[in-house]
Structures are given as C-alpha cells and as structure tokens.
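Structure first, then comments.
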Amino acid sequence: MPKYTNQIVVFLDILGFSNMLQSFEDEALLNGDFDEENFHESIALNDLLGIFKNSIGLIQERNCNHYLFSDNICITIDYVVDGFEHPKLFIEILQLINILNYEFIQKGYFLRGGVDAGWFLDSRDMAAGTPLLEAYHLESKVANYPRIVISDRYKKLIDEMNSNNQFNDEQSFLLEYILKDDGANHYINNFLHILNFEDPISKGDFLTTYRDNIVSSIIKHRDNERILSKYLWSAEKFNHFLDEYTLNNEAFEVDGLLDTEYIETLKDLKIS
C-alpha cells in the first residue's frame with residue numbers, strides 16, 4: 001500500500017516546447033521514409049528526446065524517481081531513509097537541476113521550475129502531495145522567468161540544517177552561492193554551473209553558449225513583449241553574474257585567482 005514519505009519534489013517546464021510541436025510535426029512530414037509510408041522523423045525532436053534520455057540517466061544515477069509528460073519533468077527523492085535524514089540530498093538536487101539546465105541550454109532550451117519538500121505519496125501509479133502542488137505553483141505562477149524557484153519551506157529546512165552543521169564544507173560553500181534572492185523569492189543560480197568545469201576554456205565555452213542562446217531568444221521574440229521580457233531578465237542576470245564572477249572570482253575558485261587576460265575575455269561576453 002503506498003505511503004507518505006518525506007520527499008524533495010522538483011517540477012520543471014521546458015520553455016517554448018509546446019510552441020514547437022507543430023514545427024516538429026511539419027519537419028517530420030517533410031522527412032518521411034518513402035519505404036515506410038507511416039514513418040516520419042523530426043531531427044529537432046529527436047535531439048530534444050536525446051536530452052531527455054541524458055537527463056533520465058543523471059536522475060537515475062542519484063536514485064531519484066521521475067515523471068516525464070509533454071514539456072514537463074517531475075523529480076522526486078526520499079530525504080528520510082530508514083529513519084535518518086540525509087541533508088546532502090538538499091544540495092545534490094540543486095546541483096542536479098544545474099546540470100539538467102546545462103544539458104537543455106546546450107540545445108537552446110531554457111527551464112523554469114519550482115522545488116519543495118515535505119510529505120509526499122510517490123508510487124508507480126500515483127504521485128500526490130502538497131510538495132508537488134507547491135512546486136507546480138512556483139513554476140507556473142511565481143518563477144515568471146527562466147529560473148527554478150525554491151519554496152520558503154525548502155529554504156527554511158536547508159537553513160536549519162546549515163545552522164546545525166549538517167553540511168560538509170563543500171556543501172556549505174555551494175549553499176552560499178547557489179541560491180539567489182530577489183527580495184521575494186529564492187532561486188537557483190544556474191550560472192554557478194561554471195564551477196563544474198576545471199579548465200578556463202570549458203568555463204568560457206559554457207558562458208559563451210549560455211550568452212548566445214539568451215541573445216538568440218531575445219532576437220526570436222523581439223516582437224512579443226511578454227516573452228521578450230523573460231529573456232531580457234536572463235540577460236540582466238547573466239551580466240550581473242559576469243560582474244560578480246570577474247570581480248570576486250577568488251571567492252568562487254577554490255584554486256585561486258583567474259588569469260587577468262581570461263577575466264577580460266569573460267567581460268567581453270556581457271550582453272548589451
């Protein structure tokens with residue numbers, strides 16, 4: 001019989017996916033296999049499905065459950081196992097979201113979402129509980145921009161864990177920088193994924209790709225003020241992170257200061 005357990009719940013939406021369904025279908029109909037009359041293929045959709053496949057692999061590596069439906073991804077994981085709380089999962093989930101965001105950004109897709117924690121019923125046939133409701137609410141009504149917002153309950157839990165010294169040094173370091181605060185909500189700093197790359201070239205490639213896809217989205221939606229505002233917000237946050245990173249990179253980089261010439265290269269990535 002399914003039972004409620006303490007779980008972290010993540011709800012993610014792939015922005016722009018639903019608007020592309022018709023283009024996927026049109027491409028598929030143009031790329032028909034003439035030996036199989038009812039078989040058609042969309043290369044663009046296959047690329048996106050490839051990202052899903054990689055994402056599922058990353059999720060499964062961390063023993064998370066997942067649900068995929070249309071342009072949404074739901075991830076759940078027990079954070080109390082055999083009566084013991086596992087604080088590290090609260091940070092690892094944020095890292096996983098950063099990795100997933102990177103995977104989608106590589107193909108020009110942005111994620112918006114919400115994260116909550118609490119009592120949740122998660123079985124093969126059913127997923128129900130207030131954490132899913134709150135995560136969905138944060139994604140659909142609060143996030144507004146390409147970002148993943150965490151709930152007040154989630155923030156309170158990690159603050160209590162941090163105060164009780166339940167995180168190791170690396171987790172405490174990540175907690176200090178991985179969350180941003182806009183005065184009303186806390187959300188994940190996706191640009192901090194740069195720390196997952198050891199060499200400057202890979203770091204630069206990550207930021208360049210991020211920049212190019214923000215600019216591409218701005219150009220694509222320049223005549224739609226509602227959507228345009230979302231990517232102008234992303235551009236503002238990207239520029240702010242570059243300022244923060246290049247001025248105070250010693251705080252981010254455990255191995256010390258970045259090369260001066262490299263810092264100037266990063267500054268040139270700012271979106272005007």
Please report the closest heavy-atom contact between G114 and E139, naming both atoms and the distance. N-CB, 3.9 Å
Of all heavy-atom pairs between L96 and C64, which one has the smallest distance, and what is that distance? CD2-SG, 4.4 Å
For Y136, does the OH atom sit with more than 12 other heavy atoms under 6.0 Å from it, leaving out its own atoms? no
Heavy-atom check, side chain of L179 versus side chain of I188, under 4.5 Å: yes
Just how far is it from atom NZ of K180 to atom CG of N190, taken to the nearest 0.5 Å? 11.5 Å
If you compare all heavy atoms of V10 against all heavy atoms of I93, which two are closest, and at what distance to 0.1 Å? CG2-CG2, 3.7 Å
Under a single-linkage rule joining Ile, Leu, Val, Met, Phe, Trp and Tyr whose side-chain heavy atoms are separated by less than 4.5 Å, which residues share a cluster with L138? V142, Y145, V149, Y187, W233
Atom of L269, atom of R211 and distance for their closest heavy-atom approach: O-NE, 2.7 Å
Ion pair present between D182 and R147, side-chain N to carboxylate O less than 4.0 angstrom? yes
Where does the angle between the aromatic ring planes of Y154 and F90 fall among parallel (under 30°), tilted (30 to 60°) and perpendicular (over 60°)? tilted
Is the closest side-chain heavy-atom distance between T76 and I8 below 4.5 Å? no
Kindly write out the residues that satisfy side chain to side chain donor-acceptor pair (under 3.5 Å) with D212, not counting sequence neighbours, or none if the list is empty. none
Backbone N/O of Q171 and side chain of N168: donor-acceptor pair under 3.5 Å: yes
Looking only at side-chain N and O atoms, does Y210 offer a donor or acceptor that is under 3.5 Å from a partner on D205? no
T5 side chain near V80 side chain, heavy-atom distance below 4.5 Å: no
Between OG on residue S234 and CZ on residue F191, distance to nearest 0.5 Å: 6.5 Å
Distance-only, no hydrogens or angles: does the N162 side chain make a donor-acceptor pair with backbone N or O of I158 under 3.5 Å? no
Surrounding CG of D199 (heavy atoms of other residues, nucleotides or ligands, distance under 6.0 Å), is the total greater than 12? yes
Roughly how far apart are D116 CG and L132 CG, rounded to 0.5 Å? 9.5 Å
Side chains of L100 and I75 in contact at under 4.5 Å (non-hydrogen atoms): yes
I need the I73 CD1 to D13 CG distance, nearest 0.5 Å. 9.0 Å
Candidate pair F173 and L195, rule side chain to side chain contact (heavy atoms under 4.5 Å, CB included), full reasoning: CA-CA 12 Å; F173 166 79; L195 299 186; 3.9 Å; yes
So if you build clusters from Ile, Leu, Val, Met, Phe, Trp, Tyr with side-chain heavy-atom gaps below 4.5 Å, do V81 and I91 land together? no
I need the minimum non-hydrogen distance between Y262 and K203, along with the two atoms involved. OH-CB, 3.1 Å
CD1 (I263) and CG (L242) are apart, to the nearest 0.5 Å, by 11.5 Å
Taking it one step at a time, do F120 and Y4 satisfy ring pair (Phe, Tyr, Trp, His ring centres under 6.0 Å)? CA-CA 5 Å; F120 190 68; Y4 278 90; 7.9 Å; no
Any side-chain donor paired with an acceptor under 3.5 Å for D243 and H240? no
State whether the side chain of N224 and the backbone N or O of R226 hold a donor-acceptor pair below 3.5 Å, judged by distance alone. yes
Measure the spacing between CG of N65 and CG of D78 and express it to the nearest 0.5 Å. 7.5 Å
So if you build clusters from Ile, Leu, Val, Met, Phe, Trp, Tyr with side-chain heavy-atom gaps below 4.5 Å, do I201 and L266 land together? no
Under a single-linkage definition using a 4.5 Å side-chain heavy-atom cutoff for Ile, Leu, Val, Met, Phe, Trp and Tyr, are F84 and L89 assigned to the same hydrophobic cluster? no
Minimum-distance pair of heavy atoms, taken over all atoms of P131 and W119: CD-O, 3.2 Å
Whether the S216 and N213 side chains hold a donor-acceptor pair (N or O, under 3.5 Å, no angle test) is what I'd like checked. no
Partners of D159 by side chain to side chain donor-acceptor pair (under 3.5 Å), sequence neighbours excluded? K155
Determine whether I148 and V115 satisfy the following criterion, side chain to side chain contact (heavy atoms under 4.5 Å, CB included), listing intermediate values before the conclusion. CA-CA 7 Å; I148 294 88; V115 185; 3.6 Å; yes
Treating Ile, Leu, Val, Met, Phe, Trp and Tyr as nodes and any side-chain heavy-atom pair under 4.5 angstrom as an edge, say whether V215 and Y102 lie in one connected cluster. yes
Does the N239 side chain pair with the main chain of I271, one donor and one acceptor, at a distance under 3.5 Å? yes
What about L192 and F167, same hydrophobic cluster or not, with Ile/Leu/Val/Met/Phe/Trp/Tyr joined at side-chain heavy-atom distances under 4.5 Å? yes
Determine whether a donor-acceptor pair (N or O, by modelled atom type, separation under 3.5 Å) exists between the side chain of K230 and the backbone of P146. no
Counting only heavy atoms from other residues, nucleotides and ligands, does the tally under 6.0 Å from CD of E170 exceed 12? no
Beyond-backbone contact of K3 with L121, side-chain heavy atoms, under 4.5 angstrom: no
Any sub-3.5 Å donor-acceptor pair from D181's side-chain atoms to G183's backbone N or O? yes
Does the side chain of F110 reach to within under 4.5 Å of the side chain of I214, using non-hydrogen atoms? yes
Tell me whether R112 contacts the main-chain N or O of A143 through its side chain, where contact means a donor paired with an acceptor under 3.5 Å. no
